[in-house]
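Shown next, in structure tokens, is the structure this report addresses.
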Number of protein chains: 2
Amino acid sequence: MSDRITLKHVAAHAGVSRATVSLVLRDSPLIAAPTKARVRQSLAAVGYLYNRGAATMRATGTQTVGLLVNQIDNPFFAELTAGVSAALDSAGYIAFLSVTEDVVERQARAILRLREHRVDGVILCPAAATTGQDMAHLAEAGMKLVQVMRFVEGSAGDYAGPQNTHGLGLLTEHLIRLGHRHFAYAGGMALHSANRERIGGVTDALRRHGLAGPHFLPVENTRLGGMQAAAQLCALPQRPTALMCGNDVTAFGAMVGLQQRGLVVGRDVAVTGVGDVPEAAACQPGLTTLAASPRRIGQEATRLLLRRIADPALPAERLALPMRLVVRGSCGSGVAQP
Amino acid sequence: MSDRITLKHVAAHAGVSRATVSLVLRDSPLIAAPTKARVRQSLAAVGYLYNRGAATMRATGTQTVGLLVNQIDNPFFAELTAGVSAALDSAGYIAFLSVTEDVVERQARAILRLREHRVDGVILCPAAATTGQDMAHLAEAGMKLVQVMRFVEGSAGDYAGPQNTHGLGLLTEHLIRLGHRHFAYAGGMALHSANRERIGGVTDALRRHGLAGPHFLPVENTRLGGMQAAAQLCALPQRPTALMCGNDVTAFGAMVGLQQRGLVVGRDVAVTGVGDVPEAAACQPGLTTLAASPRRIGQEATRLLLRRIADPALPAERLALPMRLVVRGSCGSGVAQP
DNA sequence: CTTGCCAGTTAGATCGATCTAATGTCTGAT
DNA sequence: ATCAGACATTAGATCGATCTAACTGGCAAG
């Protein structure tokens with residue numbers, strides 16, 4: 001059992017006041033070096049453990065932040081989470097994690113709990129149904145928050161995410177160069193900003209080349225959604241030759257679904273993803289996708305949040321990180337001539 | 001800006017004392033129903049936000065727990081984390097997450113920080129180099145903790161993980177039935193309990209059938225480790241026909257490495273994993289593996305921890321969940337006859 | 001000799017909840 | 001009429017830090 005050792009005990013042991021010990025803990029320049037050394041010895045001698053809860057009552061800041069992601073079993077968000085965790089660790093912070101599964105109620109419950117714990121800020125990948133009003137309430141309550149991957153329409157503040165529109169333009173033009181003329185787009189049932197930007201990027205690129213917009217397959221951006229998209233694609237009278245998926249996980253599902261129907265991915269159908277999670281290089285054929293460096297995005301989001309916490313008055317920053325085209329076997333070397 | 005609304009303000013608004021409001025917050029039976037209703041109205045009217053930090057100073061428990069995993073980018077641990085998060089959410093708890101990357105120093109730093117935050121308990125997948133003494137110190141400090149996936153030798157307390165020994169026995173016998181006689185085992189460079197049990201399960205099963213132990217390829221249980229193992233396997237004078245990998249991610253790396261060397265997985269070499277992460281069904285060929293239901297393990301670990309927090313005197317429980325053999329294409333239909 | 005200042009230290013108030021022990025109020029039994 | 005006991009509520013102490021404002025002793029300037 002811990003014997004509830006407080007500043008008082010340390011102070012008694014070192015022969016100083018509690019205030020002095022408190023200042024030593026924070027390495028204040030007010031305290032003379034020899035005193036500091038003596039107090040530090042006592043700290044170790046009595047086995048003192050800092051009580052951040054108590055400190056929080058008077059001091060400002062808890063050295064904690066919240067991280068809310070919609071899913072964690074998607075390797076993309078797992079990497080992002082790892083990036084946040086590492087960046088926070090080296091800044092002396094620690095994160096509360098909550099997985100919302102895109103359910104606004106879970107998100108709201110988690111945010112309330114985080115506010116009760118007086119987190120210094122929140123990194124939020126907003127659930128798809130989050131409204132601008134929800135965000136406004138948070139801002140009014142003085143919550144420092146950085147949005148990541150998705151940006152709620154009508155909201156304000158910091159954001160870190162990939163250049164979706166530009167990236168999907170690159171990817172679409174690559175497919176056009178390969179000879180594709182009929183496109184399908186799988187995923188993006190939930191119309192959050194990332195999906196809108198991605199679909200917009202594809203549509204714009206097609207229009208630039210005088211092509212019709214992609215055939216939209218409204219499924220969720222999950223493995224299962226990808227499999228459903230494969231089924232839907234095969235049921236179309238005139239099958240598109242390129243299937244662009246909202247993210248890598250969806251593409252994995254689609255590839256399995258297509259293969260189950262006897263189609264050879266990369267020859268009969270080109271498939272693409274978004275994100276370039278490690279599995280994209282490991283599957284067969286390799287997945288052509290857009291590298292979005294989730295770890296980096298997590299780190300940048302953390303940097304933005306810590307910056308915001310340090311100076312709430314700073315102007316908002318919206319960071320759009322470039323995506324890189326990664327060509328692998330899943331889109332083959334050219335469209336099959338009928 | 002939040003105007004620091006405390007119990008005092010609510011009490012004034014409702015015309016009662018702070019103590020009464022405090023009791024209403026916790027839905028105490030001591031307070032009469034009409035008073036409760038009135039106070040609850042005031043709570044909402046003044047926009048009160050509970051301050052858990054302050055409460056913690058007197059009350060016992062913070063409604064927080066720590067979750068320390070060695071990696072999160074492995075889908076297995078991502079699923080496990082999702083299970084923990086969901087289970088905690090419905091119990092009114094929230095988790096601090098820290099990713100240790102198997103570095104004991106990061107683990108130690110995170111645990112210190114969690115102790116400073118006075119978490120009610122910790123779910124820990126111990127970094128490989130964790131010693132029994134480390135665990136003993138934590139126990140002495142009164143830390144409630146549940147180990148998950150790995151169990152530090154010489155430690156005590158609760159644990160939740162899969163039946164590694166039995167599971168790998170099943171898997172090995174399946175390969176033996178297919179005609180394999182020469183086995184390699186990739187992974188398990190870090191000798192924590194899970195790796196030891198898995199290797200033990202293979203060795204035991206082989207011995208039961210009068211076969212020599214697996215050729216041990218000492219790599220890390222990562223995608224990269226798997227690729228290294230593939231290279232090592234191909235360099236062996238007499239190549240084993242079955243490559244058993246320490247987990248699915250290692251197997252994915254191994255499959256890529258073998259394919260790069262012109263070998264057909266499932267025909268030339270049988271490959272197996274452990275865990276059955278979703279990608280195992282999606283890769284080509286599908287990966288024969290052991291389903292370990294990570295989400296369930298996360299939920300069980302959470303249950304054990306909450307139980308332990310509620311009653312620290314309970315006897316320790318070591319939960320070993322069964323693994324199910326999942327046969328897919330990666331081990332083919334029989335060993336190739338030379 | 002007094003004053004002012006500085007560096008180093010500290011007593012005591014304070015943060016916002018909960019806990020303890022006590023208070024007042026209303027029954028119903030003696 | 002008095003008392004025991006249950007019920008509902010509360011004043012004030014308390015948790016363990018930090019903050020504010022004040023206090024020391026020593027030294028230089030006036």
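Residue numbers start from 1 in every chain, and the chains themselves are labelled A, B, ... in the order their sequence lines are given, proteins ahead of strands.
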Could you tell me how far apart [X] ([atom1]) and [N] ([atom2]) are, to the nearest whole angstrom?
X: B/Ile5; N: C/dG16; atom1: CD1; atom2: P; answer: 11 Å
X: A/Leu30; N: C/dT10; atom1: CG; atom2: C1'; answer: 12 Å
X: B/Leu25; N: C/dA17; atom1: CG; atom2: P; answer: 8 Å
X: B/Arg58; N: C/dT20; atom1: CZ; atom2: P; answer: 7 Å
X: B/His117; N: D/dG16; atom1: NE2; atom2: P; answer: 17 Å
X: A/His9; N: D/dG16; atom1: NE2; atom2: P; answer: 8 Å

Taking the six-membered ring for Trp, are A/Phe96 and B/Phe96 parallel (under 30°), tilted (30 to 60°) or perpendicular (over 60°)? parallel
Between [options], spot the one nearest the side chain of [X], thanks.
X: B/Arg18; options: C/dA17, C/dT9, D/dA17; result: C/dA17
X: A/Val16; options: C/dT10, C/dT14, C/dG16; result: C/dT10
X: A/Ala55; options: D/dT14, D/dA11, D/dA17; result: D/dA17
X: A/Asn51; options: D/dG16, D/dA13, D/dT9; result: D/dG16

For [X], answer base if it contacts any base atom (sugar-phosphate contacts may also be present), sugar-phosphate if it contacts only those atoms, and nothing otherwise; contact means non-hydrogen atoms under 4.0 Å.
X: A/Leu23; answer: base
X: B/Leu7; answer: base
X: B/Arg52; answer: nothing
X: A/Thr35; answer: sugar-phosphate
X: A/Thr6; answer: sugar-phosphate

It should be established whether [X] places a side-chain nitrogen or oxygen under 4.0 Å from OP1 or OP2 of nucleotide [N].
X: B/Arg4; N: C/dG16; answer: yes
X: A/Ser17; N: C/dT9; answer: no
X: B/Thr20; N: D/dT9; answer: no
X: B/Arg38; N: D/dA8; answer: no

Between B/Arg303 and B/Glu317, is a side-chain contact (heavy atoms from CB on, under 4.5 Å) present by the stated rule, with each step listed? CA-CA 11 Å; B/Arg303 186 182 60 75; B/Glu317 187 170 333; 3.8 Å; yes
Nearest heavy atom decides the nucleotide; on that basis, is B/Met57 or B/Ala33 closer to the 5' end of DNA chain D? B/Ala33
How do A/Ala19 and B/Pro29 order along DNA chain D: which one's closest nucleotide is nearer the 5' end? B/Pro29
Flag yes if more than 12 heavy atoms outside B/Glu220 fall under 6.0 Å of its CD atom; otherwise flag no. no
5' precedence on DNA chain C between A/Ile31 and B/Tyr48 (nearest-nucleotide basis): A/Ile31
Considering all heavy atoms of both residues, which atom of A/Ala55 and which atom of A/Tyr50 are nearest to each other, and what is their separation? CB-OH, 3.2 Å
Could you measure the distance from the NE2 atom of B/His137 to the CD1 atom of B/Ile111? Nearest 0.5 Å is fine. 12.0 Å
Distance-only donor-acceptor test, A/Arg118 side-chain atoms vs C/dG16 base atoms, 3.5 Å: no
Could you tell me if A/Thr100 and A/Asn70 have a donor-acceptor pair between their side chains, going purely by distance under 3.5 Å? no
